[in-house]
Amino acid sequence: MSRYFLTTPIFYVNDAPHIGHAYTVLNGDAVTRWHRLLGEDVFYLTGTDEHGLKVQRAAEANGLSPLEQADGTSQRFREAWAELGVANDEFIRTTESRHHRSVQTLMQRAYDNGYIYSAVYDGWYSVSDEAYVSEEDVTTEDIESGRVERMTEENYFFKLSEFEEPLLKWFEANPQNITPEGYRNEALGIIRGGLRDISITRTSIDWGIPVPWAEGHVFYVWYDALTNYATAAGYGNDDERFAQWWPSVRHLLGKDIIRFHCVYWPAMLLAAGVEDLPHYHVHGWLLVGGEKMSKSAFNQISPSDLINDFGVDGFRYSLLRDTPFGPDSEVSHEALQHRYNTDLANNFGNLLQRSSTLVHSKCEGIGPAPDPDHPLADIAAEVYADAAAAWDRFQPSVALEATWRLIRDTNEYLQATEPWKMDPGPLVNTVLGNALEALRIVCVLASPAIPSSCEAAWTRLGLDGSPLDQRLPEAAVWGQYPGGLPVAQGDPLFPRLKG
RNA sequence: GGCGGCGUAGCUCAGUCGGUAAGAGCGCUCGACUCAUAAUCGAGAGGUCGCCAGUUCGAGUCUGGCCGCCGCUACCA
């Protein structure tokens, strides 16, 4: 069975969950749900990054231990994703013992393979950033304000510089390794620009994973964090599991962390003797008024605020539909609401509503069977093909746009046939059967984005089971609504929003 | 400075290998309909595809230059 292992970045517990995080996680959730429909063996991973100085400091400020601090924030992320209906298979924490073993194993192998060496760093250090600062980047103000300090410490360095060639070879051999393609070029640019060895340990803090070969050193958070993906696949703990899952790994990430994920991380894997390198799907940022979201007031709106306004699926759909995957996307409350009203309330919800009402007035509430050879069958086939291609290319907005064509065409079909003017009988039965069949297919195809609404609609159509349990491509084939099922009338699935 | 991305209808965006008369949704105008959440359907207006030059029988689509916006350049998705 084909496997689909998708990861989100793990979120630093220094920060509360915000819409930017939700954006990443929802894209991954929708795409992995699609792959589940295809019957693939899916592993969707998210989690939290919990080591490092910032956590240690936050803990001190709150009078907690670092782990207690991490526990609290990690739990908030876990709850936020549950609230959004995210179906991740695992939630990893870098403070877990399995992760410690994994990091130590990976690094020890790189060390044993000769890719890690000791050197003394003597220079400026930014305590708040936990980072070394090069001489040319330090201003006198930095020094006077104490933002940077002079530091001499023994350090272990990773020989990143030795991986320029291997990485370039890998890029050349795998033209699809990063999508969209523009970001692949960025990663290539970083490599071609020359790679310098990087410091991967710290002695100045102790809230981290100990370096196995050097007392008093811990791994710097990035190299600890990246390894979470391998840990979750079983690295250092369950070799058989790792061998099964790792070859199919795909990382979902924002464009700001390309350097670490697409350059440093594959080099580390190679250094440790792991030959299978990941695929990547890189997205841009959400912008508000042209500015990166995290800098704006919109950032103060939490995902749960938007759930209150739009409902879980309303938020999921509007965000996914309105943000092409890859480039930066402008978002606003107005735009999300507009999308909700037009696509969910006016089109999908209203189609379900008018169809079920007509089934009650013309067919005594029993949904009739569709015409197996109706022209809508061709539309459904086209829509499926386009949606499948888009999901496969990691483009939820395009997939949803394609799916909604079936809804539009069905509304158009009702308008053209005017079943409300017909007398009960075979003719009106066929028309409404066709509408119900289109809705059945939409329920399956839209379920990656709006799972619970599709389940609700599915039930109203009188169907058993759940759209989430259907198998594609079979379930998208026209003509499977059986007829003879009781169709339920109910309140609008997506109440139109005003204001 | 170096590297990279973007610039297509009022808005948000599609446009794979260069090729039938530039697309979609929304918005707008007019009309139709009334089963439905004042929802739906049809018609229409609206673009010198940032600018200039080049390659080509032919460029939004390739090349060079310019303008504008943005990002990365050691840790905010």
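Residue numbers begin at 1 in each chain, while the letters A, B, ... track the order of the sequences.
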J.: Considering only side-chain heavy atoms of A/Trp420, which listed nucleotide, B/rC41, B/rC33, B/rU40, is closest?
T.: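 It is B/rC33.
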J.: Of all the nucleotides listed (B/rC26, B/rA39, B/rC41), which has the minimum atom distance to the side chain of A/His338?
T.: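 Among the listed nucleotides, the one closest to the side chain of A/His338 is B/rC26.
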J.: For the residue pair A/Phe163 and A/Tyr115, is the inter-centroid distance of their aromatic rings smaller than 6.0 Å?
T.: yes
J.: Do any of residues 348-359 of chain A sit with a heavy atom less than 4.0 Å from RNA chain B, and if so which?
T.: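 Result for residues 348-359 of chain A: A/Gly349, A/Asn350, A/Gln353, A/Arg354, A/Thr357, A/Leu358, sorted by number.
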J.: Is the distance from OP1 or OP2 of B/rA39 to the nearest side-chain N or O of A/Arg496 less than 4.0 Å?
T.: yes
J.: For B/rG54, give its Watson-Crick or G-U wobble partner with both distances under 3.5 Å, or none.
T.: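 Answer to the pairing question: B/rC62, which forms a Watson-Crick or G-U pair with B/rG54.
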J.: Side-chain N or O of A/Lys421 less than 4.0 angstrom from OP1 or OP2 on B/rC33?
T.: no
J.: Please tell me which of the listed nucleotides, B/rG25, B/rC35, B/rC76, lies nearest to the side chain of A/Gln415?
T.: B/rC35
J.: What is the base-pairing partner of B/rA24, counting Watson-Crick and G-U wobble geometry with both distances under 3.5 Å?
T.: B/rU12
J.: Between A/Glu79 and A/Arg76, does any side-chain N to carboxylate O distance fall below 4.0 Å?
T.: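 Result for this pair is no, no salt bridge flagged.
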J.: From C-beta outward on A/Tyr23, which listed nucleotide comes closest to its side chain: B/rA77, B/rA14, B/rG71?
T.: B/rA77
J.: Would you mind telling me which of B/rA32, B/rC26, B/rA74 lies closest to the side-chain atoms of A/Arg196?
T.: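 For the A/Arg196 side chain, the nearest candidate turns out to be B/rA74.
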J.: Taking the six-membered ring of A/Phe91, is NZ or CZ of A/Arg78 closer than 6.0 Å to its centre and within 45° of its axis?
T.: yes
J.: Do the two ring centres, one from A/Phe11 and one from A/Trp81, sit under 6.0 Å apart?
T.: yes
J.: Taking the six-membered ring for Trp and the full ring for Phe, Tyr or His, determine whether the centres of A/Phe310 and A/Phe315 are under 6.0 Å apart.
T.: no
J.: Check the side chains of A/Asp197 and A/Tyr117 for a donor-acceptor pair under 3.5 angstrom, ignoring hydrogens and angles.
T.: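 There is such a pair (donor and acceptor under 3.5 Å, judged by atom type) between the side chains of A/Tyr117 and A/Asp197.
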J.: From B/rA77, B/rG5, B/rU37, pick the nucleotide closest to the side chain of A/Glu186?
T.: B/rG5
